[in-house]
Enquirer: 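This is the structure I have questions about; it appears just below.
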Protein chains: 2
Amino acid sequence: MRIVTWNVNGIRAAIRKGLDEFVERIAPDILLLQEVRAFEEQLPKGWKPGMDETVWNPAEKKGYSGTATWANREFVEIGRGMESSLDRDDSEGRIIHTKHPFANTSLHCINIYLPSGSNKEERQLYKEGWIEDLLNWAQRFTDHDEPVLLCGDLNIAHTENDIWNPSGNRFTSGFLPQEREWFSRLLASGWHDLFRIKVGEQKGPYSWWSNRGQARAKDRGWRIDYVLANAAALPMLASAEIMREGGLVVSDHAPVIIDLAE
Amino acid sequence: MRIVTWNVNGIRAAIRKGLDEFVERIAPDILLLQEVRAFEEQLPKGWKPGMDETVWNPAEKKGYSGTATWANREFVEIGRGMESSLDRDDSEGRIIHTKHPFANTSLHCINIYLPSGSNKEERQLYKEGWIEDLLNWAQRFTDHDEPVLLCGDLNIAHTENDIWNPSGNRFTSGFLPQEREWFSRLLASGWHDLFRIKVGEQKGPYSWWSNRGQARAKDRGWRIDYVLANAAALPMLASAEIMREGGLVVSDHAPVIIDLAE
DNA sequence: CTTGGTATG
DNA sequence: CATAACAAG
């Protein structure tokens, strides 16, 4: 069972650049896309995603944010946003929660596109409120009997190993002390960073590189795309990879690929 | 003496597409550019126009309209807009009037970028007011002892020979009856359409093609770029050409080339 | 530096 | 359909 998360940075541009071929090559069972920046009806006429089923959660604002979850497995349940009494507005289309048949149980895939705080102070404050809500909301899944994956572009590099230039980015949104501390609390609350578990503590690899300068060529990146698992999902981990070369032509993010033993 | 008028549809894009090589090939003595859509300081660092002297008249609004006149001859006089007591505002950078040494007299080159009326009713009304002012203002040059050229993108096709589909464009801005009638009045007031004089009455050729569809490949164009001459300039006409192929890669307009015998 | 929206032609 | 400004990342 292959789960892939990928920030495609505009699905229309990604399609022009060969998204379909990459999806065919990666062959995910479930594909979690972030930053689609389109409504479904804006996609090229006649174009079809190369997977059986799709769920879309675009932002209300045109060309902005938005998520989509594609699957070759049935969707048993579909939810958007943080479904709860303490509902945080999801008009930016940042969460899709789907449930799929998996072995003799069900697998939950929570597709997350966490707000960026790099543009304005106001957006950083929005991000910091948002992640607190996410932490609280996600808590309900950690002790779940069924396996749950919390995946996506979390827009935060956790440790100094997750960023090429830690000291130079101490004051940069995405590597602020309070964001890294939040990430530690998220893991302490019962989520497991599958990629880090698989590769162990080491410098890199990264999943995102700025478009400015020669950041990607010089591998001056950040690891901000994650697959986190609850305790029930953890034993199923078979392999974890950041497809560093694969995504190169399609997006400024690389796809993160997790295989689960069914 | 070679005078060239060319709507470059964004000089920065034109430079990327090889404007410099075309200018070198065409070798104008005086080059009248319209729709430069840039301030001089926005041009690529280190880039130099391939001619000795330049005069710029950008619009106040960034990325919009604007004219420039380049020359390998001295500028004896430089004016912008319709210089007169009845001054019409030239904040859109639509007129440059230059005077150059020529034989034993001087040549006046009036570089015009006439407003388009195709976007909004309000702009069509602006255009219709503007052309009346232009007709009045230009009147002062017709009886001038020195040769005067009134050149540029006039955004009006005069006769049915100047447009590929006259009947289909009866209600299109640029071929409206009142615009064509204005053009007739302009010619009646003492201006001579040098290109038409040289090639005679015939269908086409055109100087502008829409970017939509295959208009240029199908030669579905308009002749809206002109060099008009007063009586003093008329006897100097040596040749007139629309460089249909030359401009192809650079702009949606072709350069119009006039050679005058000195 | 890149996407995508919008205004303008 | 193309240029360029802009907002966002």
Side-chain angles (χ1 to χ4, degrees), chain A residues 7-17 19 34-39 42-43 58-66 92 94 113-120 122-124 126-127 153 155-156 172-174 208-218 220 222 224-225 248-253, chain B residues 7-17 19 34-39 42-43 58-66 92 94 113-120 122-124 126-127 153 155 172-174 208-217 220 222 224-225 248-253:
Chain A
N7 177 319
V8 288
N9 190 25
I11 195 165
R12 283 170 288 178
I15 289 168
R16 285 197 299 273
K17 294 172 180 172
L19 174 65
Q34 298 92 38
E35 214 176 354
V36 293
R37 301 176 68 172
F39 306 123
Q42 293 178 298
L43 300 177
E60 286 173 2
K61 184 175 170 177
K62 282 176 86 175
Y64 180 69
S65 185
E92 296 183 346
R94 296 189 176 276
Y113 176 40
L114 210 138
S116 163
S118 59
N119 220 34
K120 287 181 181 168
E122 168 198 324
R123 290 302 290 175
Q124 179 63 25
Y126 181 75
K127 178 181 184 179
D153 176 358
N155 256 319
I156 295 172
T172 308
S173 174
W208 173 80
W209 304 262
S210 168
N211 276 320
R212 303 173 209 196
Q214 297 304 109
R216 193 155 190 166
K218 296 173 180 165
R220 297 180 167 180
W222 301 42
I224 58 179
D225 301 275
L248 198 135
V249 291
V250 171
S251 169
D252 51 346
H253 293 251
Chain B
N7 176 320
V8 288
N9 190 25
I11 194 165
R12 284 171 287 178
I15 289 168
R16 285 197 299 273
K17 295 173 179 172
L19 174 65
Q34 299 91 38
E35 212 175 356
V36 293
R37 300 176 67 172
F39 306 124
Q42 293 176 299
L43 300 177
E60 285 173 5
K61 183 173 171 179
K62 281 177 88 174
Y64 180 70
S65 184
E92 296 182 346
R94 296 189 176 275
Y113 176 39
L114 208 140
S116 163
S118 59
N119 221 32
K120 286 179 179 168
E122 169 197 323
R123 290 301 290 176
Q124 179 61 26
Y126 181 76
K127 178 180 185 179
D153 176 358
N155 257 319
T172 308
S173 174
W208 173 80
W209 303 262
S210 167
N211 276 319
R212 305 177 206 193
Q214 297 304 109
R216 192 155 189 165
R220 296 179 168 182
W222 300 43
I224 58 181
D225 301 275
L248 198 135
V249 291
V250 170
S251 168
D252 51 345
H253 292 250

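Just so it is clear: chains get the letters A, B, ... in the order the sequence lines come, proteins before strands, and each one is counted from 1. These numbers come from a predicted model, not from an experiment.
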Enquirer: Quick one: list whatever passes side-chain contact (heavy atoms from CB on, under 4.5 Å) with A:Glu122, sequence neighbours left out.
Expert: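 With neighbours one apart ignored, the set is A:Lys120.
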
Enquirer: Within a strict 4.5 Å, meaning less than it, do heavy atoms of the A:Lys218 and A:Trp209 side chains meet?
Expert: no

Enquirer: Side chains of A:Arg37 and A:Asn9, heavy atoms from C-beta outward: is any pair under 4.5 Å?
Expert: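 Sidechains of A:Asn9 and A:Arg37: in contact.
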
Enquirer: Does B:Tyr64 have a side-chain nitrogen or oxygen under 4.0 Å from the phosphate oxygens OP1 or OP2 of C:dG9?
Expert: yes

Enquirer: Need to verify one output field. Residue with the more 5' nearest nucleotide on DNA chain C, A:Ala38 or A:Gly213?
Expert: A:Gly213

Enquirer: Could you walk me through whether A:Asp252 and A:Trp208 satisfy the side chain to side chain contact (heavy atoms under 4.5 Å, CB included) test, starting with their C-alpha distance in whole Å, then the side-chain angles of each, then the deciding distance to 0.1 Å, before giving a yes or no?
Expert: CA-CA 6 Å; A:Asp252 51 346; A:Trp208 173 80; 3.1 Å; yes

Enquirer: Considering only heavy atoms, which members of residues 8-15 of chain B lie under 4.0 Å from some atom of DNA chain D?
Expert: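 Those residues whose heavy atoms fall under 4.0 Å from DNA chain D, taken from residues 8-15 of chain B in numerical order, are B:Asn9, B:Gly10, B:Ile11, B:Arg12, B:Ala13.
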
Enquirer: Counting just side-chain N and O atoms, does A:Lys17 come under 4.0 Å of either OP1 or OP2 of C:dT2?
Expert: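 No, outside the criterion.
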
Enquirer: Applying side-chain contact (heavy atoms from CB on, under 4.5 Å), name anything that partners A:Ser116, two or more places apart in sequence or on another chain.
Expert: A:Ser118, A:Asn155

Enquirer: Distance check: side-chain N/O of A:Lys120 vs OP1/OP2 of D:dA7, anything under 4.0 Å?
Expert: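 Answer is no, no contact under 4.0 Å.
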
Enquirer: Between atom NZ in B:Lys61 and atom P in C:dG9, what is the gap in whole Å?
Expert: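 Nearest whole value for this atom pair: 7 Å.
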
Enquirer: Round to a whole Å and report the spacing from NZ of B:Lys62 to P of C:dT6.
Expert: 20 Å

Enquirer: Atom CZ of A:Phe39 to atom P of C:dT3: distance rounded to whole Å?
Expert: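 Computing the A:Phe39:CZ to C:dT3:P distance gives 19 Å.
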
Enquirer: To the nearest angstrom, how far is A:Asn7 atom CG from D:dA8 atom P?
Expert: 17 Å

Enquirer: Given that B:Tyr113 and A:Arg16 both sit by DNA chain C, which one's nearest nucleotide is further toward the 5' end?
Expert: A:Arg16

Enquirer: Nearest whole Å is fine: how far is D:dA8 C1' from A:Trp208 CH2?
Expert: 13 Å

Enquirer: Answer yes or no: is there a side-chain heavy-atom contact under 4.5 Å between A:Leu114 and A:Asp153?
Expert: no

Enquirer: In this structure, how many angstroms lie between the P atom of C:dA7 and the CD atom of B:Glu122, rounded?
Expert: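 Answer to the nearest Å: 13 Å.
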
Enquirer: Check whether any side-chain heavy atom of B:His253 lies under 4.5 Å from a side-chain heavy atom of B:Val8, and answer yes or no.
Expert: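 Not touching, per the 4.5 Å side-chain cut-off.
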
Enquirer: Could one point to a donor on the side chain of A:Arg212 or the base of D:dG9 with an acceptor on the other under 3.5 Å away?
Expert: yes

Enquirer: Could you tell me whether A:Gln42 contacts a base, only the sugar-phosphate backbone, or nothing, with contacts defined as non-hydrogen atoms closer than 4.0 Å?
Expert: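 Sugar-phosphate contact only.
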
Enquirer: To the nearest angstrom, how far is B:Gln124 atom CD from C:dT8 atom P?
Expert: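 These atoms are roughly 16 Å apart.
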
Enquirer: Find the distance A:Arg123:CZ to D:dG9:P and express it as a whole number of Å.
Expert: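 To the nearest whole Å, that distance equals 6 Å.
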
